Amino acid sequence: MGNVVDDFITRVYDVVRSNRDGGVADYIPELAAVTPDGFGIAVATGDGHVYEVGDTSVPFTIQSISKPFTYALALTDRGVDGVAEKVDVEPSGEPFNEISLDPDTERPRNPMINAGAITAASLVAGAGPAEQFERIRDLYSRCAGRPLVLDDAVYDSEARTGHRNRAIGYMLRSFGVITDDPDDVVDVYFRQCSIEVTCRDLALMAATLANNGVNPLTRDRVLNPALVERVLSVMTTCGMYDAAGEWVTEVGMPAKSGVGGGVLAVLPGQLGIAVYSPRLDRHGNSVRGVQACRELSRDLELHFLHVTRAARSSIRARYSVAEAPSRTRRTEAEQQSLEAFGNRGRVYELHGDLLFTGAETAVREIDAERADLEVVVVDVRRVDDVSGVARRMIELLRADLAANGCRTALVDPDGLFGHASSSLSPDDPHGRVFADPDSATRWCEDVLLSRHCGAGRQPDSIELEQHPLLADLTTVQFSRLTDDLEYRTFARGETIVRRGDREPGIFLILSGRVSTSVTTKTGTVQRISTLSAGMSFGEMATLLGTKILNDVRADTAVTVAVLTPERLARLTTEAPEIRSALIERLAAVAYGQVEMLLRTIEGRGRL
Ligand code: DON
């Protein structure tokens, strides 16, 4: 029992099987000896799974399907220009074995017709024909993911009868397109055509081309991606010879056929298809191969020009830091300032694959708002992949904004843009790179506060008597309480209180910054809030006599004054008025926190 994809492919197989049109190639005598009704379909995915129906492990000769692979090897060995001097990339509109050169350039029109393929074989590096052939065989084998061998009988048969190809070889030699002995070159070509493959092999070879030159099963990087692009381009326009136009219209995939009965088709970035069925049409293309590819393309919507949906904006969300503040507790003055100016700091969350068009929408939309912006955060956590040009566009936008006084930061924990989060100093012209959005939002707020909030900013450190929690105490109460407090310091990164600690004590922060966080079941640390001098933690669990619900860690060096549960208990009996003054202040602070959390949820639509 197969899955739904097996069912799709089997349906195509059943529909096409009844077609017995065409005849097997007989101009190479040995090819006439095959079972004409053999039929197999194989589809290899980008992660190397192969769906197979019918005769997918029957060996047959690769024939012209060898041509794109030898062309790829010639490109690898000689470079694009070195090959372009000898073979053009224009569709010929002629049969594959036409004895012709382009009258103007005096070069073969493309590497998919025999004249171009023989030329490509001559360009493969190697000390002689035997070594050239070995390198060709090795490349095909790596694309198929197993060692491929020569079918001696078919090779002998073609070598005995291939006079037309010899004529092409001599023509090429006489025009100086090939410089080696034409018999040797044509012999390498005969051998490459006689390499034995199965339908499954061809599907994996197709998938290697679809996968930018990496064999999806072995993960072997066989070909350079830029060269694969060129090979697929030529397959698109010339792969099906004089039927290329109809093929592109009806099937819409770069492809190559062979008179051995194989057809190979590539859907770039997605999958490779191979069909085996030896009866051929008048162009030398497998009749069922063409029909099966047409059916698959239609059924599975594989045409490479099929647009599944209109391009969507790469910006999935945008909000200002006024709408979605960081989880940092702020003073009254800071909050007011952020309410007034928070709209000038904005976060843009991007998503999907960021290629040119995705970067274009992002750049255009951010740029249109630049007059209102002082700080921009570009959050790329949900971007799956980014192309070179998209990366350049975002970096150029950031540099341009920076040159005009607008600070920028990236949230890029996976380093998609090539910067480690910690590698950039605060003064780096490219701006900051953060691993998490809350730190970026806090930074964004800090930039705005440094520009707009004069008085009333949270100081880096305070004296105990300035701590707001103690504001309602009389002088006597204050000095009574100070006797009960312990001073403690923590280094950056140290855990101050651990989730589950019972009655940890009431911690009054005098200097430095701490963050409260929870660790989710998957092990990620989720920040709840950031606290600094003048704030406190541990009070709820201590007053209620329960366990604390989150971890508290020092983000910087930290000094705290702690009222331990034992001292609190003593205060409760000896000075209950101090306890109630503390609780009143704490209630006010707690209400402020809830309010801030609600605004965060409101702004981001999530916690
Ligand atoms: O050169 C030839 O005639 C054969 N070795 C290969 C031709 C071929 O496969 C044409 N494609 N459909």
Side-chain angles (χ1 to χ4, degrees), residues 28 61-89 92 96-101 107-144 148-151 154-159 161-197 205 222-223 227 230-231 234-235 238-239 241 256-260 262 264:
I28 300 172
T61 50
I62 189 168
Q63 297 299 339
S64 286
I65 301 170
S66 62
K67 292 168 179 172
F69 296 94
T70 296
Y71 179 53
L73 187 54
L75 289 169
T76 308
D77 290 347
R78 309 283 168 185
V80 170
D81 293 343
V83 175
E85 276 171 22
K86 301 286 188 180
V87 198
D88 293 332
V89 289
S92 69
F96 68 84
N97 56 2
E98 196 66 15
I99 307 179
S100 74
L101 296 178
R107 290 189 288 255
R109 287 202 172 83
N110 67 66
M112 301 296 123
I113 54 170
N114 290 9
I118 292 168
T119 306
S122 81
L123 295 173
V124 169
E131 192 179 320
Q132 284 176 304
F133 174 67
E134 257 322 294
R135 294 192 62 244
I136 289 172
R137 196 179 65 84
D138 179 62
L139 179 90
Y140 298 3
S141 301
R142 287 172 65 193
C143 291
L148 301 176
V149 296
L150 188 74
D151 179 330
V154 174
Y155 162 69
D156 288 342
S157 183
E158 187 167 17
T161 57
H163 307 304
R164 197 177 174 92
N165 280 327
R166 281 199 188 87
I168 293 174
Y170 277 88
M171 172 193 67
L172 292 168
R173 180 71 187 83
S174 76
F175 278 86
V177 178
I178 63 174
T179 46
D180 294 333
D181 178 341
D183 284 322
D184 283 350
V185 176
V186 172
D187 189 64
V188 171
Y189 169 75
F190 287 155
R191 285 173 190 273
Q192 78 173 44
C193 289
S194 297
I195 285 177
E196 206 172 69
V197 288
M205 292 173 83
V222 188
L223 294 166
L227 301 184
R230 194 171 173 92
V231 171
V234 179
M235 286 168 70
C238 316
Y241 309 116
K256 191 68 208 79
S257 63
V259 291
L264 165 154

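Each residue takes its place number in the sequence, starting with 1. Predicted, not measured: the structure shown is a model, and the values here were computed from it. Computed over heavy atoms, backbone and side chain alike; hydrogens, waters and symmetry mates excluded.
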Taking Asp77 for the side chain and Ala125 for the main chain, is one N or O donor matched with an acceptor at less than 3.5 Å?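 Yes.
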Just by modelled atom types, is the Thr161 backbone N or O under 3.5 Å from a matching donor or acceptor in the Arg166 side chain?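 It does not hold such a pair.
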Restricting to non-hydrogen atoms, name the atom on [X] and the atom on [Y] that form the minimum distance, rounded to 0.1 Å.
X: Ser157; Y: Ile28; value: OG-CG2, 3.7 Å
X: Ala117; Y: Lys67; value: CB-CG, 3.4 Å
X: Ser100; Y: Ala115; value: O-CB, 4.1 Å
X: Met235; Y: Pro68; value: SD-CB, 3.8 Å
X: Ala72; Y: Leu223; value: CB-CD2, 3.8 Å
X: Ala84; Y: Arg230; value: CB-NH2, 4.2 Å

Quick one, [X] and [Y] - any side-chain contact, counting heavy atoms below 4.5 Å?
X: Leu150; Y: Arg191; result: yes
X: Arg173; Y: Ile178; result: yes
X: Leu101; Y: Leu172; result: yes
X: Ser64; Y: Lys256; result: yes
X: Phe69; Y: Gln192; result: no
X: Ser92; Y: Ile113; result: yes
X: Met205; Y: Ile65; result: no
X: Glu196; Y: Leu148; result: no

Assess the residue pair Tyr155 and Thr61 against the criterion (side chain to side chain donor-acceptor pair (under 3.5 Å)); give the C-alpha distance rounded to whole Å, side-chain angles, the decisive distance to 0.1 Å, and a yes or no. CA-CA 9 Å; Tyr155 162 69; Thr61 50; over 6 Å; no
Please evaluate residues Val259 and Phe96 with respect to the criterion side-chain contact (heavy atoms from CB on, under 4.5 Å), reporting the C-alpha separation (whole Å), side-chain torsions for both, the decisive distance (0.1 Å), and the verdict. CA-CA 10 Å; Val259 291; Phe96 68 84; 4.1 Å; yes
Interatomic spacing from [atom1] in [X] to [atom2] in [Y] - rounded to 0.5 Å:
X: Gln132; Y: Asp187; atom1: CD; atom2: CG; result: 10.5 Å
X: Leu264; Y: Ile62; atom1: CG; atom2: CD1; result: 8.0 Å
X: Arg135; Y: Leu73; atom1: CZ; atom2: CG; result: 5.0 Å
X: Asp183; Y: Tyr170; atom1: CG; atom2: OH; result: 3.5 Å
X: Ser141; Y: Ile136; atom1: OG; atom2: CD1; result: 11.5 Å
X: Thr119; Y: Glu85; atom1: OG1; atom2: CD; result: 13.0 Å

Could you go through Val222 and Leu139, starting from their C-alpha distance and side-chain angles, then the distance that decides it, and tell me whether this counts as side-chain contact (heavy atoms from CB on, under 4.5 Å)? CA-CA 7 Å; Val222 188; Leu139 179 90; 3.6 Å; yes
If you apply the rule side-chain contact (heavy atoms from CB on, under 4.5 Å), what do you find for Asn165 with Glu158, and how did you get there? CA-CA 10 Å; Asn165 280 327; Glu158 187 167 17; 3.5 Å; yes
Ignoring hydrogens and angles, state whether a donor on the side chain of Tyr189 or Ser122 is under 3.5 Å from an acceptor on the partner side chain.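 No - no donor-acceptor pair under 3.5 Å links their side chains.
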Candidate pair Val188 and Val124, rule side-chain contact (heavy atoms from CB on, under 4.5 Å), full reasoning: CA-CA 10 Å; Val188 171; Val124 169; over 6 Å; no
